[in-house]
Amino acid sequence: MAIATINPATGETLETFEALDADAVETRLARAASAFEVHRRTSFGERAVLLRAAADLLSAEREADAALLTLEMGKPLAQALAEVDKCARAMRWYAEHAEALLADEHPAPADVADSGASAVHVRYRPLGPVLAVMPWNFPLWQVVRFAAPALMAGNTALLKHASNVPRTALLLEDLFTRAGYPVGCFQTLLVGSGAIEAVLRDPRVAAVTLTGSEGAGRSVAAIAGDEIKKSVLELGGSDPFLVLPSADVQRAAKVAVTARVQNNGQSCIAAKRFIVHADVYEEFAAAFVAGMSALRVGDPMAAGTDVGPLATESGRADLEELVDDALRHGAKAQCGGRRPQDRPAGWFYEPTVLTEITPEMRIHREECFGPVATLYRVDSLEQAVALANDSSFGLSSNAWTTDPQEQAVLERDLQAGAVFFNGMTASHPALPFGGVKRSGYGRELSAQGIREFCNVTTVWYG
């Protein structure tokens, strides 16, 4: 894949970039290792000053940065602005809380009295340069949620971003440089996916984090395992959205629309499978289909646009294959199911709701990355849970019920990294983020996220 900025609303190639050669990559690896030896010795206060400076730059330049996100991957401008703001907030959160999150831990004296120690504590120390392999769908947020905790922990960062968002990748390096980070603390590697293995195998790289497809995760995890290096994977998701009889059905339907088409439907934690109890199915389905049908598809730079184009031409082709396969096997499109007729250019697709889904359809098993929802009817809580868990993914989940007993069952039984009741799944710097099954392993954000790339060290005094 070429490293290029292509406007997904028009299909126009705006700029292409030459990949770094082996010598240039070597220079950056050397800088990352050298910078780590200095950065790891800085205080939390010094690191916080730098991270707050980066946050201030983001806030000051939010309009230009948001426009770049929209230009490169097609999300509506209002959502791009929200992404920039979220990144600045997360940076400030880690600048404020990292020292406490990584404070030395002191076991109770009685618990270690038989160890023979006069004193014991546990310290969190940085690992070294961390390679981040990041996707295009949240091109700023995905990087910041790794970089902010990694840098605050004292690590240095190497970013291999998706090849269709090179301008955003370069913006990030420039951002951290202008914030005052020493050369080598945060660097962008403009390279193709074929260069990842050599970088990850380099002994100066201590660990890797990847957000992306299951295939990419398998490949990176295999290399990291072979090298015995720490890895964190956040892969796909096919999140269930359960609606049970005690729910506020109209509110659930309204939120369901946003939950499905956020980021043009290209979000790992977007709700994708809508599982509705028979007692409220007709009411929910009518409101949900009406809401999806009313969405405005168009220029993502224009005010009032709800859904922009898919980020890549191949992404739209993949989406069309999933929908066409479902329709061939008997699914019914309650709305959408095709490209917009008034959008001949760009990679647009109509918001779509499919019903009568059966297990032999690919869309029942595979992640659907675009504004397409599958709608299921169930007769009981037990059926809802079984269908929700009938997936190889387990990133997040939504459940709409006000019944405490049902909530207790769902909290216990849903196989996911998060359960959101009566609200839409979202990531937050103070809450751990990640999944189970083929959605990956490890956690980002919160205390768990900043500790992923630390050497948890026992310190014992005789």
Side-chain angles (χ1 to χ4, degrees), residues 20 24-62 64-65 68 83-99 101-102 124-134 139-161 165-191 199 202 204-209 429 444-445 449-450 452-455:
L20 298 177
V25 171
E26 165 59 29
T27 296
R28 284 160 175 76
L29 286 168
R31 286 174 183 164
S34 177
F36 172 66
E37 292 304 318
V38 176
H39 189 59
R40 70 184 180 89
R41 292 181 172 89
T42 59
S43 68
F44 284 106
E46 290 171 312
R47 298 172 199 166
V49 167
L50 295 172
L51 195 58
R52 288 193 180 99
D56 290 345
L57 286 171
L58 270 184
S59 295
E61 300 164 1
R62 63 189 295 271
D65 293 347
L68 176 56
E83 181 173 342
V84 175
D85 292 342
K86 183 174 184 175
C87 290
R89 289 195 302 272
M91 287 177 170
R92 294 185 178 106
W93 189 87
Y94 269 110
E96 179 180 352
H97 294 285
E99 184 170 8
L101 296 175
L102 298 181
Y124 293 94
R125 297 188 293 167
L127 290 177
V130 179
L131 172 64
V133 183
M134 292 289 112
L140 206 63
W141 170 240
Q142 305 277 16
V143 178
V144 166
R145 77 184 190 194
F146 139 75
L151 291 169
M152 282 303 301
N155 298 296
T156 55
L158 293 161
L159 169 64
K160 192 294 180 202
H161 217 325
V165 290
R167 288 183 179 177
T168 303
L170 293 171
L171 178 153
L172 282 155
E173 180 176 304
D174 181 63
L175 174 77
F176 287 109
T177 298
R178 289 188 292 125
Y181 281 89
V183 172
C185 276
F186 184 101
Q187 298 175 93
T188 284
L189 302 178
L190 282 187
V191 295
V199 174
D202 190 285
R204 290 165 293 191
V205 174
V208 62
T209 179
E444 296 178 287
L445 303 175
I450 196 171
E452 287 282 7
F453 296 117
C454 287
N455 173 5

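Everything numeric in this text was worked out from a predicted model, so none of it was measured. The figures that follow rest on heavy atoms only: side chains count, while hydrogens, waters and symmetry mates do not. Positions are given from 1, in the same order as the sequence printed here.
Looking at Arg178 and Glu61, a side-chain N of the basic residue comes within less than 4.0 Å of a carboxylate O on the acidic one, giving a salt bridge. We find that Arg41 and Glu46 are not joined by a salt bridge, their nearest charged nitrogen and carboxylate oxygen being 4.0 Å or further apart.
What you find for Arg40 and Arg47 is that their closest heavy atoms are O-NH2, 3.1 Å. Taking each heavy atom of Asn155 and Gly128 in turn, the nearest pair found is OD1-N, 3.0 Å. The heavy-atom pair separating Ala169 from His161 by the smallest distance is CB-CB, 3.7 Å. The shortest non-hydrogen separation linking Pro139 to Glu83 is N-OE2, 3.4 Å. The minimum heavy-atom distance linking Ala55 with Ala88 is given by the pair CB-O, 3.7 Å. Minimum heavy-atom separation, Thr156 to Leu151: CA-CD2, 4.4 Å.
Residues Asp174 and Phe176 are not in side-chain contact: their nearest non-hydrogen atoms beyond the backbone lie 4.5 Å or more apart. Looking at Arg28 and Leu189, their side chains come closer than 4.5 Å, going by heavy atoms from C-beta outward. Phe453 is not listed as a side-chain neighbour of Val208, based on a closest heavy-atom distance of 4.5 Å or more. Contact of the Phe44 side chain with the Val49 side chain is not registered, since no non-hydrogen atoms from C-beta on lie closer than 4.5 Å. Within the 4.5 Å cutoff, no side-chain heavy atoms of Leu101 are placed close to those of Tyr124. When side chains are defined from C-beta on, Asp56 counts as touching Arg92, because their heavy atoms get closer than 4.5 Å. A heavy-atom distance below 4.5 Å is found between the side chains of Leu102 and Cys454. For the pair Leu140/Leu68, no side-chain contact is recorded, criterion being any heavy-atom separation below 4.5 Å from C-beta on.
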Candidate pair Leu58 and Met91, rule side-chain contact (heavy atoms from CB on, under 4.5 Å), full reasoning: CA-CA 10 Å; Leu58 270 184; Met91 287 177 170; 4.0 Å; yes
side-chain contact (heavy atoms from CB on, under 4.5 Å) assessment of Leu51 paired with Tyr181: CA-CA 9 Å; Leu51 195 58; Tyr181 281 89; 3.5 Å; yes
Trace of the side-chain contact (heavy atoms from CB on, under 4.5 Å) decision for Asp202 with Leu131: CA-CA 11 Å; Asp202 190 285; Leu131 172 64; over 6 Å; no
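How far CD of Glu452 is from OG1 of Thr209: 8.5 Å, rounded to the nearest 0.5 Å. Taken to the nearest 0.5 Å, the SG atom of Cys87 stands 9.5 Å off from the CG atom of Asp65. Between Leu158 atom CG and Arg31 atom CZ the span is 11.0 Å, to the nearest 0.5 Å.
Looking at Leu20, Val143, Leu159 one by one, the single match for side chain to side chain contact (heavy atoms under 4.5 Å, CB included) with Thr188 turns out to be Leu159.
Legend: residues meeting ring pair (Phe, Tyr, Trp, His ring centres under 6.0 Å) with Phe146, ordered by chain and number and at least two apart, are absent. Under the ring pair (Phe, Tyr, Trp, His ring centres under 6.0 Å) criterion, Trp93 pairs with His97, sequence neighbours left out.
Between the side chain of Thr42 and the backbone N or O of His39 there is at least one donor-acceptor pair closer than 3.5 Å. Of the possible polar contacts, none joining the Ser34 side chain to the Ala30 backbone as a donor-acceptor pair under 3.5 Å is found.
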